[in-house]
Student: 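Handing you this structure, nothing more for now.
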Amino acid sequence: MSGVAQPDGSHSCFGKEKRLLTASDYSRVFDGAEARASHKHVLLLAKQNDRPGHRLGLVVAKKNVRLAVQRNRVKRLAREVFRQADNNPPYMDVVLLARRGIDQLDNAELSSILRGQWRKLEKRVSEAETSERRGR
RNA sequence: CGAGUCGGUCAGGCGAUCGCUCUGCCAUCGGUUUCGGUCGUUGGCGGGGAGGAAAGUCCGGGCUCCAUAGGGCAGGGUGCCAGGUAACACCUGGGGGGCGCGAGCCUACGGAAAGUGCAACAGAAAGGAAACCGCCCGGCCGUUCACGCGGCCAGGUAAGGGUGAAAUGGUGCGGUAAGAGCGCACCGCGCGGCUGGUAACAGGCGCGGCGAUGGUAAACCCCACCCGGAGCAAGACCAAAUAGGAAUCCUGUAGCUGCGGCCCGCAGUGGAUUCGGGUAGGUCGCUUCAGGCAGGCGGUGACGCCUGUCGCAGAUGAAUGAUCGUCCACGACAGAACCCGGCUUAUCGACCGACUCAACUU
RNA sequence: UGGGGUGUCGCCAAGCGGCAAGGCACCAGGUUUUGAUCCUGGCAUUCGUAGGUUCGAAUCCUACCACCCCAG
């Protein structure tokens, strides 16, 4: 299982196995978040999983982003950044929550913010993992 | 060329790379098999992939379940006429009224002589009436030589004033003590034929002097016609966990529950026997139709009929994007969630067609 | 996505065709040595917005806007 099914990094895809599918997947991340990255317009929560890759879930509330077109745009950009990001262990389940005002950003601004937050999150998760190993 | 009216079409294009979803064919691996297949994994080559409003959810249908959607009351809707349609509050044509020089545009446009109600304040009076100020005739008293003036009484009078959003047909002439449909003409109103039109309605004739028939029905209401309820999170199927369950037979019609409210009506609930029920999750419903395009025929038109042709999103944390290059008029409003027909609202612009007005030139 | 509801002063609200009650808060004055209490007065320019009906609309009708609730 370990490493055999690892997808090709340069040839990144985004199928169903890379997404959080059920309500229980989401609540698992919400209840036991191990790392978080917060920004004015976005909040990321993460928890390690036992699967061969990262998984992403998106929460873009109608309350925070009023128009459906803008909600779709935010989600598409988030998926795009996730897809192009490095796909290295430790693998985790990530939930992205959009905050109010995110629809005011243009595509370039939004994707640079998302890339920055993703890197921050990766770093924090690996720190958490190493401290956990020391703890054992 | 300028000003304007109506109708229609389009909704950035092209290329490269990386990605999402559905699907056809081929290969691949795995499960199952009655060896026909069938279900899934991965890969390759193709194909399809948001809108004119997808929106608001304001109407109308289809579809599903509740009884094959039944009767009455209540409630709601529509409201000039005719047609179109599956249906409509939509559309088309016509009529009345209003606006515009015009092309055209707007129009909740049935009934107030069936009934009930309402109209603050002001005003004499706000609807079965009315005399506040006026105006006029007469009588009596006072005053004056007299004309006249003043006061009181009894009448006539809706022409004038004043109030109000609204005051009991309008204008003119005659008439009168002053006035008045009191009389006449025209207009308005009402009634009755006639002519045209399917009808709404229009035209014309006659009659009625109009002490009746004011306004309000987006007040109750009356009249005509229409409407059962919920909604794909409907509903059907497969099914962990955990408990209150389901079918058959018998009994009962009282109570309770369900079918929006009430009354009927209908169904279930009670006992015995026998085994299954269905939340998480999954599958179906889920896209081929009141379908688009072209031609012909009928119709003023909305539209209908016939023939040919095309296949045009079906996701389920939810798919059309990102980056770069390039061109130009530098891209508005904005994202399907069961599906259609309308309405309404948002919207950068571009183009096409028909028509009107004004000026000028030929 | 579907169903339902509410918008009246800074806040809580009544009114449902004829002058927009009331309370809290706020402001001014008085009382008090000062403050609280108390007393008096003030405080709605568009009743969410825009049209319409009516002599007259917060109220009736139509369209739109904002917010909230329910179903999963």
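Since this is a predicted model, take the numbers as computed values, not measurements. Quick note on labels: first sequence line is chain A, next is B, and so on, each numbered from 1.
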Student: Indicate, with a heavy-atom threshold strictly under 4.0 Å, whether A:V81 touches base, sugar-phosphate, or nothing.
Tutor: nothing

Student: With a 4.0 Å limit, can you tell me whether A:R79 has a side-chain N or O closer than that to the phosphate oxygens OP1/OP2 of B:A318?
Tutor: yes

Student: Pick the nucleotide of RNA chain B nearest each of A:S111 and A:Q70; which residue has the one closer to the 5' end?
Tutor: A:S111

Student: I'd like the P distance from B:A247 over to B:G278, given in whole Å.
Tutor: 10 Å

Student: Looking for any heavy atom pair under 4.0 Å, which part of the strands does A:R19 touch: base, sugar-phosphate only, or nothing?
Tutor: sugar-phosphate

Student: Could you check C:G5 for me: syn (within 90° of 0) or anti?
Tutor: anti

Student: In whole Å, I'd like the distance from the OH atom of A:Y26 to the P atom of B:G317.
Tutor: 8 Å

Student: Are the charged groups of A:E80 and A:R83 less than 4.0 angstrom apart, N to O?
Tutor: yes

Student: Using the P atom as the reference point in each nucleotide, state the distance between B:C153 and B:G115 in Å, no decimals.
Tutor: 43 Å

Student: Based on the glycosidic angle (syn within 90° of 0, else anti), state the conformation of B:A50.
Tutor: syn

Student: Distance check needed: B:G317 C1' versus A:R76 CZ, whole Å only.
Tutor: 14 Å

Student: Mind calculating the distance between NZ (A:K75) and C1' (B:A318) to the nearest angstrom?
Tutor: 7 Å

Student: For a quick check under 3.5 Å, do A:N64 and A:R71 share a side-chain donor-acceptor pair by atom type?
Tutor: no

Student: Now, which nucleotide makes the Watson-Crick or G-U wobble pair with B:G150, with each of the two distances under 3.5 Å?
Tutor: B:C141

Student: I'd like to know if A:D93 and A:K47 make a salt bridge, using a cut-off of under 4.0 Å between side-chain N and carboxylate O.
Tutor: no

Student: I want to check something: taking the side chain as every heavy atom from C-beta on, are A:E34 and A:R124 in contact at a cut-off of under 4.5 Å?
Tutor: no

Student: In whole angstrom, give the distance that lies between atom CZ of A:F30 and atom P of B:G317.
Tutor: 15 Å

Student: Classify the glycosidic conformation of B:C312 as syn or anti, calling it syn when the angle lies within 90° of 0.
Tutor: syn

Student: Could you tell me the Watson-Crick or G-U partner of B:U17, where both distances fall under 3.5 Å? Say none if there is no partner.
Tutor: B:A322

Student: Same cluster for A:L114 and A:L105 if Ile/Leu/Val/Met/Phe/Trp/Tyr side chains link at under 4.5 Å?
Tutor: yes

Student: For B:G215, give the paired nucleotide (Watson-Crick: N1-N3 plus N6-O4 or O6-N4; G-U: N1-O2 and O6-N3; both under 3.5 Å), or none.
Tutor: B:C118

Student: For B:A290, give its Watson-Crick or G-U wobble partner with both distances under 3.5 Å, or none.
Tutor: none

Student: Between B:C207 and B:C101, how far apart are the two P atoms, rounded to whole Å?
Tutor: 42 Å

Student: Check whether any side-chain heavy atom of A:N107 sits under 4.5 Å from a side-chain heavy atom of A:R73, and report yes or no.
Tutor: yes

Student: I'd like the C1' distance from B:G139 over to B:G155, given in whole Å.
Tutor: 11 Å

Student: Could you see if A:I102 belongs to whatever hydrophobic cluster contains A:V94? Use Ile, Leu, Val, Met, Phe, Trp, Tyr and a side-chain cutoff under 4.5 Å.
Tutor: yes

Student: B:C333 P sits how many Å from A:D103 CG, rounded?
Tutor: 13 Å

Student: Is A:D103 close to A:L67 at the side-chain level, that is, under 4.5 Å between some pair of heavy atoms?
Tutor: no

Student: Provide the start and end nucleotides, 5' to 3', of the part of RNA chain C that has atoms under 4.0 Å from heavy atoms of chain A.
Tutor: C:U1 to C:C67

Student: Mapping A:R73 and A:G57 onto RNA chain B by nearest heavy atom, which one lands closer to the 5' end?
Tutor: A:G57

Student: Between B:U320 and B:A313, how many Å separate the two C1' atoms, rounded to a whole number?
Tutor: 10 Å

Student: Can you tell me the distance, in whole Å, between the CZ atom of A:F82 and the P atom of B:G19?
Tutor: 15 Å

Student: To the nearest Å, how far apart are A:E80 CD and B:U323 P?
Tutor: 8 Å

Student: Say you pick atom P in B:U344 and the same atom in B:A89; how far apart are they, in whole Å?
Tutor: 15 Å

Student: Take atom P in B:U288 and the same atom in B:A315, then report the distance between them in whole Å.
Tutor: 12 Å

Student: Look at the side chain of A:V59 and decide which nucleotide, out of B:C18, B:A336, B:G317, has an atom nearest to it.
Tutor: B:G317

Student: Could you tell me whether A:K63 contacts a base, only the sugar-phosphate backbone, or nothing, with contacts defined as non-hydrogen atoms closer than 4.0 Å?
Tutor: nothing

Student: How would you label the glycosidic angle of B:G193: syn (within 90° of 0) or anti?
Tutor: syn

Student: Whole angstroms only, please: what is the CZ-P distance between A:R66 and B:G56?
Tutor: 12 Å

Student: What's the gap between B:A234 and B:G46 when it is taken at their P atoms, as a whole Å value?
Tutor: 44 Å

Student: Output yes when at least one side-chain N/O atom of A:N72 is less than 4.0 Å from OP1 or OP2 of B:G321, else no.
Tutor: no

Student: Under 3.5 Å for both donor-acceptor distances, Watson-Crick or wobble: does B:G43 have a partner, and if so which one?
Tutor: B:C26

Student: Determine if the base of B:G245 is syn or anti; take syn to mean the glycosidic torsion is within 90° of 0.
Tutor: anti

Student: Are any non-hydrogen side-chain atoms of A:K40 and A:I113 less than 4.5 angstrom apart?
Tutor: no

Student: Once you apply the 3.5 Å cut-off to both distances, tell me the Watson-Crick or G-U wobble partner of B:A337, or none.
Tutor: none

Student: Under 3.5 Å for both donor-acceptor distances, Watson-Crick or wobble: does C:A13 have a partner, and if so which one?
Tutor: none

Student: Does any nucleotide pair with B:G79 by Watson-Crick or G-U wobble geometry, both distances under 3.5 Å, and what is it?
Tutor: B:C223

Student: To the nearest 0.5 Å, what is the distance between CH2 (A:W118) and CD (A:Q84)?
Tutor: 12.5 Å

